[in-house]
Protein chains: 2
Amino acid sequence: MSADTDADTGVSLAVSTVIFALRPDPATGLITLWLPLVKRIREPHEGKWALPGGPLTADDDLATSAGRTLERTTSLAPKYLEQLYAFGAVHRSPGQERVVSIVYWALVQSDEAARARDGQNVAWFAADDLPALAFDHNAIVEYALWRLRNKMEYSRISHAFLGETFTLAQLREVYEAVLRRPVDPANFRRQMASSKSIVATGRQLTGTRHRPPRLYRYNNAVQLADLGPLADH
Amino acid sequence: MSADTDADTGVSLAVSTVIFALRPDPATGLITLWLPLVKRIREPHEGKWALPGGPLTADDDLATSAGRTLERTTSLAPKYLEQLYAFGAVHRSPGQERVVSIVYWALVQSDEAARARDGQNVAWFAADDLPALAFDHNAIVEYALWRLRNKMEYSRISHAFLGETFTLAQLREVYEAVLRRPVDPANFRRQMASSKSIVATGRQLTGTRHRPPRLYRYNNAVQLADLGPLADH
DNA sequence: ACAAAAGTGTTACTAATACACCCATGC
DNA sequence: GCATGGGTGTATTAGTAACACTTTTGT
């Protein structure tokens with residue numbers, strides 16, 4: 001760390017956010033991962049879709065800046081937010097100015113995301129079927145997807161897609177949608193039970209076509225994800 | 001991402017590196033984790049020890065900048081280098097200028113690190129017994145240690161501490177030093193064998209006090225660590 | 001009664017662990 | 001030979017996965 005400023009070097013700093021939500025695919029009806037993108041209204045890459053973000057403002061922490069971007073583009077609050085990576089290849093932005101992007105990734109609750117309407121220059125896309133995006137944003141989303149799917153296997157972030165209470169089938173549906181493979185209901189139930197991350201509310205979900213499933217809630221004594229010493233923030 | 005520069009906002013960008021090597025503790029003789037620190041020769045935090053680093057230069061990629069820092073402070077080449085985190089809390093640097101630090105962590109070969117001599121303002125410290133460092137660098141090292149120890153359990157980075165060939169006892173010693181717990185030699189052998197990450201050279205290490213151990217080398221077909229889509233860089 | 005999803009039980013398999021034991025070398 | 005670390009064998013355990021089976025509701 002030094003007192004030199006980047007005014008000298010001409011490196012600018014931006015914060016972008018990869019925002020994931022689960023939505024039913026209009027074509028197949030299956031639940032899949034979606035994310036909101038913003039259409040660029042000026043060069044470089046004018047007209048292309050890009051991750052929502054903007055320059056780091058002087059009085060915002062990095063995560064605060066990412067959360068603000070999320071609120072601005074989706075009018076939603078993240079249920080999970082984590083730093084993804086800092087991208088800073090010299091030539092990643094065409095033109096004279098070099099841009100280093102610190103990218104966050106976020107999960108928003110599915111039912112809230114379903115209510116979010118597309119804005120003027122904002123649209124939601126299926127995460128696994130994106131068009132050619134601006135800058136290196138395709139690679140960034142690919143990495144975010146990899147991280148999400150990895151973290152799904154060894155943490156409790158699945159809860160971030162759901163509301164206060166949920167059935168085991170709903171929670172399992174989250175796993176199956178993100179990991180794109182079937183999960184055995186019997187074994188899933190036991191894994192969740194032994195992990196202590198869910199608590200039975202005693203209530204049941206009524207109005208289903210068949211046997212009413214029990215409702216559970218997240219056990220707040222368990223962290224969503226183990227961030228180690230970083231958890232303090 | 002935008003065309004605005006941080007010259008407006010007064011945020012400066014630095015790259016620092018946490019450099020780990022294994023060394024015998026002069027007091028106990030046990031192999032432990034060490035890292036080089038640089039004494040600050042100007043405010044803020046003049047006189048305190050800090051992570052090696054400096055402002056991001058305009059024509060270096062982030063990892064290149066981290067590697068350059070490493071070479072400058074230790075005259076060594078990293079056998080493993082990975083981005084750790086971007087630290088950007090508003091008030092992490094006292095004074096008027098805000099600094100965002102993109103921190104890398106690196107592993108250097110133990111025997112090379114043993115030859116490295118302390119420079120004018122550079123000294124090596126036991127990673128688990130650091131003095132009060134400048135800025136938030138204590139927290140950064142703590143996080144780097146957490147990441148290293150985690151990664152030790154599910155990747156092959158242990159090889160980065162060793163040379164071209166090594167015995168299983170040497171590799172096991174790396175695990176024990178980093179994780180600070182004994183590892184069963186018999187089970188360790190089988191784990192390494194089944195992981196396919198080591199290959200027997202056919203040669204043996206002679207000159208030991210007892211039965212000569214076989215020499216192995218790293219299987220380059222296996223990645224040191226799974227970085228996912230990021231592995232391309 | 002029947003269909004369908006909720007939920008339980010059982011078995012097989014795999015990987016981690018603990019530890020007894022044999023092997024090869026220097027002294 | 002004997003001490004010492006190198007190296008092999010084996011039993012126990014815990015966790016994962018596959019799948020048959022029972023339960024409870026709406027229709």
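Each chain gets a letter, A, B and so on, in the order its sequence line appears, and its residues count up from 1.
- What separates CG of D184(B) from P of dA11(D) is a distance of 17 Å, to the nearest Å.
- Heavy atoms of T208(A) sit under 4.0 angstrom from primed sugar atoms or phosphate atoms, though from no base atom.
- Base engagement by A186(A) is indicated by at least one non-hydrogen atom pair under 4.0 Å involving a base atom.
- Donor-acceptor pairing under 3.5 Å, judged by distance alone, is present between the side chain of R211(A) and the base of dT23(D).
- When each of I19(A), V18(A), T17(A), L70(A) is paired with P36(A), the side chain to side chain contact (heavy atoms under 4.5 Å, CB included) condition holds for I19(A) and for no other.
- In the set dA3(D), dG6(D), dG7(C), dG6(D) carries the atom at the smallest distance from any side-chain atom of A169(B).
- Rounding to whole angstrom units, NE2 of residue H210(A) and C1' of dT27(D) are separated by 9 Å.
- With rounding to whole Å, M192(B) atom CE is found 13 Å from dA16(C) atom C1'.
- Where L168(A) and N187(B) meet DNA chain C, the nucleotide closest to each residue was compared, and L168(A) sits on the side nearer the 5' end.
- Here dT8(C) presents its C1' atom at 16 Å from CD of Q191(A), a figure rounded to the nearest Å.
- Salt bridge absent: R203(B) and E164(B) never bring a charged side-chain N and a carboxylate O closer than 4.0 Å.
- Distance, R203(B) CZ to dG6(D) P: 18 Å, rounded to whole Å.
- Which of dT24(D), dA4(C), dG5(D) sits closest to the side chain of P212(A) comes down to dT24(D).
- Across all strands shown, R190(B) has heavy atoms under 4.0 Å from base atoms, whether or not it also approaches the sugar-phosphate.
- Contact between the side-chain N/O atoms of Q204(B) and the OP1/OP2 oxygens of dA24(C) is not found at any separation under 4.0 Å.
- Nucleotide dA18(D) holds its P atom 18 Å from the CZ atom of R189(A), rounded to whole Å.
- Using a 4.0 Å cut-off, some side-chain N or O of R214(A) falls inside it from OP1 or OP2 of dT8(C).
- At whole-Å resolution of the value, CG in L205(A) and P in dG7(C) are 10 Å apart.
- Between D128(B) and R180(B), at least one side-chain N (NZ, or NE/NH1/NH2) sits under 4.0 Å from a carboxylate O, which counts as a salt bridge.
- L81(B) approaches A63(B) most closely through the heavy-atom pair CD2-O, 3.5 Å.
- Per the geometry, CG belonging to L215(B) stands 15 Å off C1' belonging to dT25(C), to the nearest Å.
- A salt bridge links E82(B) to R147(B): at least one charged side-chain nitrogen sits closer than 4.0 Å to a carboxylate oxygen.
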